[in-house]
Amino acid sequence: MTPAFELEGETATTHHTNSANNGANDNQIGFKSRVSVIGSGSWGSVAAKLVAFNTLNLSSFHDEVKMWVFEETLQSGKKLTDAINRTNENVKYLPGIKLVKNVIGDPDLDNAVKGANIMVFVTPHQFIDNICKSLVGKVRSDAEAISLIKGMEVKIEGPCLISTYISEQLGINCSVLMGANLASEIAEEKFSEATVGYGKNREIAEQWVQLFTTPYFMVTPVQDVEGVELCGTLKNVVAIAAGFVDGLDMGNNTKAAIIRFGLREMREFCKLLFSSVKDDTFFESCGVADVITTCFGGRNRKVAEAFAKNGGKRSFDELEAEMLQGQKLQGVPTAREVYEVLRHRGLLELFPLFATVHEICSGCLPPSAIVIYSEKKPRLPV
């Protein structure tokens, strides 16, 4: 498959066209790739900032980066998109941080992706189903996508990774980018790293690395889409458990034990769904590093801590609305999805931490059960 975008200084070539892609003249010398970022929360805004910095400096890209904004009305009465474009700042989800000048917010999803052959998906995973259905037949058939979304779709026929869902719905290739990436720290240009998970095409992976890498953001490619994506998904369940420990003031030793239990169950769950997952992936940024940073600094840990401090008497929905200013938790729905997969396969006893997290979140167990139940040593398959 011909890459949708080329290394700096090389001429990009594309070979697919259809009525939706407006790509009839793309084989002309000098064709430049267009980037669209689908999502404008804190992480979406940071992703747009990263890639827009590079499109200004890579001759094979149009400077402009469109960022789809789920339109909201601010307390001032102004529209979020207007505020972003007027101030070059996402005043609600990333206040105080200037985006690169070539990031353009657009509340119209169809218009935001029009003509784009590089698509960056970074929304809460609860929204991806409707987004993809809205985009069917409206994206270029030669487009390349990358998912920064943590979560998975659980259907009657079984679990489906978000990257797989995007590929199947839109008919395009989809890589993934995951890692120890707290948006607020990357926004302040503190050094961080991430992992690109790719399939067969190493060249595509290297080009994603080029598009995201900055002096403060290092990206490493790994040929393991499933492993990279599942690590990014499952770490949020472990972070919920870590938050319970913090809320109950159980101490650092207990938290370290919970993190180790969580890493073990992450590895076994990944291997259960995809035997091809590589052990080395768990030592990349998407693996152990992401678990550590999310268990100490992420929103899932923060809200789970509040849940435990309140003895489970206030719901996660209530706490999310109060504490996250419109942002969404990923750990709670992911814990439910993982639970459903394990229940359907009769494997709940082999994953006591994952099972317990969901049962606490759903009110079946008290927060203190995180330690009592996790002490059961499962007979994990090797």
Side-chain angles (χ1 to χ4, degrees), residues 124-126 150-156 158-160 230-251 253-273 291 294-295 298-324 328-381:
H125 85 276
Q126 299 96 312
K150 282 83 173 178
M152 59 182 167
E153 291 283 308
V154 176
K155 306 294 185 183
I156 295 176
C160 178
L230 277 172
C231 279
T233 296
L234 297 172
K235 60 84 185 268
N236 285 323
V237 181
V238 183
I240 294 287
F244 294 153
V245 170
D246 288 342
L248 296 169
D249 198 24
M250 291 181 171
N253 293 339
T254 304
K255 189 170 181 177
I258 289 294
I259 291 172
R260 189 183 73 83
F261 295 159
L263 278 166
R264 181 177 63 192
E265 292 192 16
M266 283 173 58
R267 177 183 178 276
E268 297 306 326
F269 188 84
C270 290
K271 295 281 189 178
L272 174 69
L273 295 188
V291 172
T294 308
C295 287
R299 73 182 71 154
N300 290 278
R301 186 218 63 82
K302 177 182 177 181
V303 178
E305 179 183 27
F307 180 89
K309 283 183 175 180
N310 284 277
K313 295 177 182 179
R314 298 183 67 192
S315 71
F316 272 98
D317 287 342
E318 181 183 356
L319 292 168
E320 177 188 82
E322 177 183 301
M323 300 174 68
L324 300 185
K328 295 295 181 182
L329 290 173
Q330 300 302 309
V332 175
T334 299
R336 181 180 63 250
E337 292 158 352
V338 168
Y339 190 91
E340 287 303 312
V341 172
L342 295 174
R343 184 183 61 80
H344 180 73
R345 300 189 181 202
L347 296 174
L348 285 172
E349 290 187 359
L350 298 182
F351 294 84
L353 182 66
F354 285 174
T356 300
V357 168
H358 170 67
E359 289 168 0
I360 294 172
C361 291
S362 60
C364 297
L365 292 174
S368 59
I370 194 63
V371 171
I372 298 170
Y373 281 74
S374 297
E375 287 174 349
K376 294 181 180 180
K377 186 175 182 180
R379 297 183 300 276
L380 293 172

Looking at side-chain heavy atoms only, is the closest gap between Ile240 and Phe307 below 4.5 Å? no

Is atom NZ of Lys271 surrounded by more than 12 heavy atoms (other residues, nucleotides or ligands) closer than 6.0 Å? yes

Would you say Cys295 and Ile258 make side-chain contact, with heavy atoms under 4.5 Å? no

Let me confirm one number: the CG-CE distance from Leu230 to Met266, rounded to the nearest 0.5 Å. 8.5 Å

Is there a donor-acceptor contact under 3.5 Å from the side chain of Lys302 to the main chain of Leu324? no

If only atom types and distance count, is the side chain of Arg299 paired as donor or acceptor with the main-chain N or O of Lys328 below 3.5 Å? yes

Quick one: are His125 and Thr334 in side-chain contact, heavy atoms under 4.5 Å? yes

Would you call Glu305 and Lys309 a salt bridge, using N to O less than 4.0 angstrom? yes

Taken in chain and number order and not counting sequence neighbours, the residues that satisfy side-chain contact (heavy atoms from CB on, under 4.5 Å) with Thr294 are Lys235, Asn236, Ala239, Asp290

Just wondering, do Leu272 and Arg345 contact through their side chains at under 4.5 Å, heavy atoms? yes

With a 4.5 Å heavy-atom cut-off, do Leu353 and Ile370 have their side chains touching? yes

From CZ (Arg343) to CZ (Arg336), nearest 0.5 Å: 12.5 Å

Check the orientation of Phe354 and Phe269. Use parallel for under 30°, tilted for 30 to 60°, and perpendicular for over 60°. perpendicular

4.5 Å side-chain heavy-atom contact, Val341 and Leu273: yes

Does any part of the side chain of Leu342, heavy atoms only, come nearer than 4.5 Å to the side chain of Val338, both counted from C-beta? yes

Test item: Leu350 and Glu268 side chains (from C-beta on) under 4.5 Å apart, heavy atoms: no

